[in-house]
Amino acid sequence: MPKITYVSVTGAERTVDVPVGTSVMRGAVINDVDGIVAQCGGNMQCATCHVYVDETSLDRLADRLPGEDEMLDFTVCARRPTSRLSCRLEVTEAMDGLIVHTPEYQN
Ligand code: FES
């Protein structure tokens with residue numbers, strides 16, 4: 001099962017096993033990881049699942065899905081080139097070792 005590491009703004013890390021086929025957001029929620037709120041439950045209506053993908057992990061991800069870019073533009077005040085909606089990141093075996101950082105405003 002892929003391991004995903006969530007890093008808070010303080011630098012605190014949590015590494016958890018996340019099943020293939022679920023999402024990076026769901027992995028955080030089911031493991032009580034702070035910093036991913038996911039108010040809409042993964043329906044791409046809130047952007048409270050925003051994460052910054054670690055530079056070392058960018059090559060493990062597929063391109064953004066339709067609508068994700070627009071959602072990030074309109075709802076995320078601190079968007080960066082590495083910003084993603086974690087509910088849109090479907091976990092694959094290739095994502096083993098993925099590192100994501102949670103934004104300060106979601107903690
Ligand atoms: Fe709401 Fe991702 S959980 S947009």
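Residue indices begin at 1 and follow the sequence shown. Order of appearance sets the numbers: ligands from 1, and atoms from 1 within every ligand. All values below were derived from every heavy atom in this structure, side-chain atoms included, with hydrogens, water molecules and symmetry-related copies excluded.
Between Met25 and Leu89, every side-chain heavy-atom pair lies at or beyond the 4.5 Å cut-off. By the 4.5 Å heavy-atom criterion applied to side chains, His101 and Ile99 are counted as neighbours.
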Would you be so kind as to tabulate the donor-acceptor pairs closer than 3.5 Å made by side chains of residues 27-47, with sequence neighbours excluded?
| unit_1 | atom_1 | unit_2 | atom_2 | d |
| --- | --- | --- | --- | --- |
| Asn31 | ND2 | Gly27 | O | 2.7 |
| Asn43 | ND2 | Cys40 | O | 2.9 |

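Partner of Ser83 under the side-chain hydrogen bond (donor to acceptor under 3.5 Å, both in side chains) criterion, chosen from Glu68, His50, Arg64: His50.
Salt-bridge check for Lys3 with Asp96: failed, with every basic side-chain N at 4.0 Å or more from each acidic carboxylate O.
Stacking of Arg14 on the aromatic ring of Tyr6 is not recorded, the 6.0 Å distance cut-off and the 45° axial limit not both being met.
For ligand 1, residues of the protein lying within 4.0 angstrom by heavy-atom distance are Ala38, Cys40, Gly42, Met44, Gln45, Cys46, Ala47, Cys49, Cys87.
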